[in-house]
Amino acid sequence: MTTLQEAPVSHLRENPFGIAQAQLRRVGDTFGIDDNLINVLSRCKKAVEVSIPTQMDDGSTKVFAGYRVTHNIARGPSKGGIRYHPDVTLDEVKALAMWMTWKCALANIPFGGAKGGVVVDPKSLSRRELERMTRRFTSEIINEIGPEKDIPAPDVGTDARVMAWIFDTYSMNKGHSVLGVVTGKPLAIGGSLGREEATARGALYVLRGAARKRELSLNGATVAIQGFGNVGSYLARFVAQDGATVVAMSDSGGGVHNPKGIDVEAAFAHKREHGTLGGLRDTEPISNDDLLLLECDVLAPCALEQVINESNADRIKTKIVVEGANGPVTPSADEILEQNGVLILPDVLANAGGVIVSYFEWVQGLQEYFWKEDEVNAKLNDIVTRAFNETWATYETRQTSMRIAAYGLAVQRVAEATVTRGIYP
Ligand code: GLU
């Protein structure tokens, strides 16, 4: 029996690709970038849609829809994660691919932008089903990816285990191990030390930079974090290690709250044991929506897009928003937060740590020479701090938002590469 997966009601209120294109036009106007170039950059270079027939454990076959989109390769091979989520759409993947281009350019690493996605709830599949689906998806996009072409990585709903299956499927087809085809791999098969925590570590470095500028000490600051995946969980740990009070945390099932502070290590243990944060001792339940409205010094949306939007932006009571997720604040919410004096540390800066250490993993794989964790973290700090300082300087000189400053620097770099190379033929 074959069934086609139906998409449930989406978390996306606005078309994310429309948002990404509008942001690009605003950057073009602010920085006086040639309209012809903006037209080129507002489209994705390539989008591939595949169907992924997958045998279920009960013998039935389900067909999933999958996408891989390359936005731009002017500065190097395209780079970006693969997302497994029931709300994935082609336009979402296109927006995420465009943001990857800006993220890599802002970090000044030699990659363009890409993203992939499969319309699936990975939690609804068994381990074997997930493996079969991943391997079939990989073989459907095998001609699109490669170490000098397009390099996937983890994103929402995927992890090192999924990357291992992608690596193995690609390598089996080539007849030899190809370490550089995917990043975020397990350490046993060529992953990098520090990659697992890299996105959160990068966010911490950006937050430390911003706190210094705003004369706010992280020691004693109150922090609310939405999402307890790869980014949110480690960010909670890192800010707590810096002395911050984590007042709320959440996962897709809801949140937990304690104004006096949550024991983050106990939260890790609770999540490991029960699969959810709900019921964590010394906390009260709080919804994901209400968590965003808490009074706190730092709010870190680390889950999905558009959670801060027109409907709640004027009720956000924080000093700094650090975007651990991609696209968590809509443009209209951006304006409202700006008017209210909230500093937004944009995704392309705040969550760039992941792709930066992916770059290190790719380099280590190509050279078959692996670095110590301290070396990885120090190099990450160098790149993130430089990107933060450049963005802050642009933010001050241009009197614009941190987002427009960050996108502006990035778009100018991609535009320069495009002009220098010339439009083929
Ligand atoms: N998916 C992550 C992001 O949005 C990481 C991408 C990568 O490492 O290539 O930045």
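Whatever order the structure lists them in is the order used to number ligands and atoms, beginning at 1.
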In the structure I gave you, are the side-chain heavy atoms of Leu41 and Trp102 within less than 4.5 Å of one another anywhere?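 The answer is yes, as the side chains (C-beta and beyond) meet within the 4.5 Å cut-off.
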Are the charged groups of [X] and [Y] less than 4.0 angstrom apart, N to O?
{"X": "Arg161", "Y": "Glu131", "value": "no"}
{"X": "Asp347", "Y": "Arg403", "value": "yes"}
{"X": "Lys271", "Y": "Asp251", "value": "yes"}

| query | Listing by chain and number, which residues have a heavy atom under 4.0 Å from ligand 1? | reply |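 Contacting ligand 1 under 4.0 Å are Lys79, Gly80, Gly81, Met100, Lys103, Lys115, Ala153, Pro154, Asp155, Arg195, Asn326, Gly354, Val355, Ser358.
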- prompt: Does a side chain donor of either Asn108 or Arg75 reach within less than 3.5 Å of an acceptor in the other side chain?
  reply: yes
Report task. I would like to know whether Ser192 and Gln364 meet side chain to side chain donor-acceptor pair (under 3.5 Å); could you show each step before the answer? Result -> CA-CA 8 Å; Ser192 174; Gln364 292 170 82; 3.0 Å; yes
